[in-house]
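Counting starts at 1 for both ligands and their atoms, in listed order.
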Amino acid sequence: MFSQRLRALRSASSLASRTFSVGSMSQQGKAPDMVEVRNRLREIVGASTNWRDHQQAMAERASLSSLLARSQDELPAKTMKDSFIEVHLPLGTQPSLRDKYLNYHNSVRFGRILEDLDSLAVLICYSHTRNEALKKSPLSIVTALVDKIDMRKNIIYPDCDIKFTGHVTWVGKSSIEAKMHMAQYHDGAYSPVLDATFVMVARDPENKRAAFVNPLKLEGPEEESLFQQGEINKKRRVELSTASLLKVAPTAEERTVIHSLFLNTLDTKTVSFRSRVLPPNSVWMEDAKMKGLEICHPQERNIFNRIFGGFLMRKAYELGWANACAYGGCRPTLVAVDDIMFQKPVEIGSLLLLSSQVCYTEGNHIQVRVHTEVLDPLTGHHNTTNVFHYTFRADKDVPAVVPRSYGESMLYLDGKRHFDETMKGH
Ligand SMILES: CCCCCC(=O)SCCNC(=O)CCNC(=O)[C@H](O)C(C)(C)COP(=O)(O)OP(=O)(O)OC[C@H]1O[C@@H](n2cnc3c(N)ncnc32)[C@H](O)[C@@H]1OP(=O)(O)O
């Protein structure tokens, strides 16, 4: 249904001009590639190309504050077509690109795709909020949430062209939902690889306060239904956050799950709550972790001189994948990414600690949570910046992960909630 819509949108007459305006450096009619997307983003915000100029570029951006709308009503409504873009990643026709995307197993590095999706989502939002009269946008658009990435295919060929399409599907006051699709050319046709939903937030030029975005004008029942889905997604996010195990107790059913896991680990030879025995074919949760550290160099900055969200996603994904790989003893495939929260920006120069944990298993599925935090070496304070959730599938059944402490039990239930939500759509 949605691919039908994309086909219709692609053939819409306004699309040719959109493709041209997004990739202003492309020749007329040719969709831009990822390099052009990033150059275009730099132009839109007036980002410096050298780190040594970044303070001057930031000061220049601060002066754009006066261009911000004081209410959403001041801004003209935009259609979904206004933000529709198509971007190519010519891995087939431009072999020089391949090394950056290739992994050892002769497939495509998914972390690189996450980076491209993030840049694309930002460009989609700038296309939606574009004001023809302004040379630079006063808005700083940041990634707030990767709501969902559903894999529709396991294999991504390293030597076949890739095409991304996407557009805005819902807007709030300062937040925008963008849906993107990735397809790959193989056996004479493009076939879908993944569908992604991101939520981006518009901020003032200095990235300090929320800023209004253009309303969305819906054209036809299909767009209305996409918008309705956006409303449902927003409601679901609020409900999930309200029921978070960090705030409220588990449900009665979840408490039963945890208690039976507990009973299953009691030593039947002793009458004690303390002596715990690992059941056969199981692994204690504390033995299913992996850790990493990133020193956040200026090279990984985004156009707003913070660490690029795509880079954070790539690093967290690769650690999560390695964790699942070591746990399952095989090369796992990704089933879905969901609910990646960008709680706080990561400053350049930060020490970023990454912790990955297998938090739930079922059959051949491994649910992994990666938590990232910034460590201030002077004060010793830790601040959570992101939480990532990944579902992997192994080629055989994996040992059951077993929580020992109450905290681990909550992680287990949180992982189960994410897993159940993911599997609803599969
Ligand atoms: C190539 C260029 C790449 C650039 C992209 C990046 O790299 S960005 C780098 C990675 N990302 C980041 O660093 C962002 C880090 N996070 C943050 O700075 C902040 O958490 C945030 C700005 C996203 C949100 O801050 P606050 O919650 O204080 O903002 P505020 O309360 O004003 O809410 C603003 C709007 O965001 C929405 N919002 C906030 N968090 C949300 C979430 N997790 N999921 C959905 N929507 C969310 C709110 O509903 C509201 O929408 P409405 O106003 O519609 O009601």
Side-chain angles (χ1 to χ4, degrees), residues 22 32 34-49 61 68-69 71-72 75 87 112 114-129 137 139-148 168-178 197-204 206-216 227 230-242 244 296 299-316 338-348 350 352 372-374 383-389:
V22 166
M34 278 299 162
V35 176
E36 289 169 283
V37 165
R38 294 200 172 104
N39 288 340
R40 182 80 188 106
L41 285 172
R42 246 183 248 118
E43 261 175 49
I44 292 171
V45 302
S48 61
T49 38
R61 264 192 76 63
L68 290 172
S71 81
Q72 199 171 26
L75 296 165
V87 172
R112 290 281 184 220
L114 290 172
E115 291 182 321
D116 289 347
L117 287 170
D118 200 26
S119 298
L120 195 63
V122 178
L123 188 56
I124 288 172
C125 296
Y126 276 121
S127 304
H128 175 79
T129 54
S137 171
L139 300 176
S140 305
I141 292 176
V142 300
T143 319
L145 177 81
V146 176
D147 185 85
K148 191 114 209 133
V168 168
T169 46
W170 176 91
V171 298
K173 290 212 161 10
S174 66
S175 56
I176 300 180
E177 184 190 83
T197 308
F198 281 43
V199 180
M200 316 300 284
V201 171
R203 319 274 292 163
D204 69 7
E206 295 177 274
N207 198 352
K208 287 186 176 155
R209 283 179 303 115
F212 292 108
V213 297
N214 301 60
L216 190 60
F227 186 84
E231 288 281 322
I232 294 168
N233 289 345
K234 185 180 169 149
K235 220 170 129 223
R236 175 179 46 85
R237 280 177 218 124
V238 173
E239 279 165 12
L240 283 176
S241 143
T242 316
S244 162
C296 298
Q299 191 186 10
E300 310 304 345
R301 71 187 183 281
N302 65 17
I303 46 179
F304 313 115
N305 293 311
R306 299 273 179 53
I307 293 297
F308 173 43
F311 170 78
L312 299 171
M313 285 198 267
R314 170 159 68 84
K315 285 293 164 184
D338 90 308
D339 202 17
I340 295 184
M341 283 247 279
F342 289 83
Q343 285 175 2
K344 285 202 179 75
V346 177
E347 303 294 339
I348 314 289
S350 302
L352 187 73
T372 59
E373 58 188 8
V374 164
N383 250 318
T384 297
T385 53
N386 300 76
V387 184
F388 306 81
H389 300 273

Between Glu115 and Arg112, is there a side-chain N and carboxylate O pair less than 4.0 Å apart?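 Salt bridge between Glu115 and Arg112, a charged N being under 4.0 Å from a carboxylate O: yes.
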
Point-to-point distance, once rounded to the nearest 0.5 Å, from CG of Leu120 to CG of Leu41: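 Here the rounded value is 9.0 Å.
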
Heavy atoms from other residues, nucleotides or ligands near CZ of Arg209 exceed 12 (cutoff 6.0 Å):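 No.
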
Please give the N or O to N or O pairs under 3.5 Å between ligand 1 and the protein, distances rounded to 0.1 Å.
residue  : atom   : partner : partner atom : Å
ligand 1 : 7 (O)  : Asn302  : ND2          : 3.1
ligand 1 : 7 (O)  : Gly309  : N            : 2.8
ligand 1 : 11 (N) : Thr143  : O            : 3.0
ligand 1 : 16 (N) : Phe342  : O            : 2.8
ligand 1 : 16 (N) : Gln343  : O            : 3.4
ligand 1 : 20 (O) : Phe342  : O            : 3.3
ligand 1 : 20 (O) : Gln343  : O            : 2.8
ligand 1 : 51 (O) : Ser175  : OG           : 3.2
ligand 1 : 53 (O) : Ser174  : N            : 3.0
ligand 1 : 53 (O) : Ser174  : OG           : 2.6
ligand 1 : 54 (O) : Lys173  : N            : 2.7
ligand 1 : 54 (O) : Ser174  : N            : 3.0
ligand 1 : 54 (O) : Ser175  : N            : 3.0
ligand 1 : 54 (O) : Ser175  : OG           : 2.6

If you measure only the distance, is there a donor-acceptor pair under 3.5 Å linking the side chains of Asn233 and Glu177?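 Checked: Asn233/Glu177 side chains pair up, N/O donor to acceptor below 3.5 Å.
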
Flag, side chain of Arg61 to backbone of Ser137, donor-acceptor distance under 3.5 Å: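 The answer is yes, because a donor-acceptor pair under 3.5 Å joins these two groups.
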
Results of side chain to side chain donor-acceptor pair (under 3.5 Å) for Asn214 - residues two or more places apart only: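 Listed in chain order: nothing, the list is empty.
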
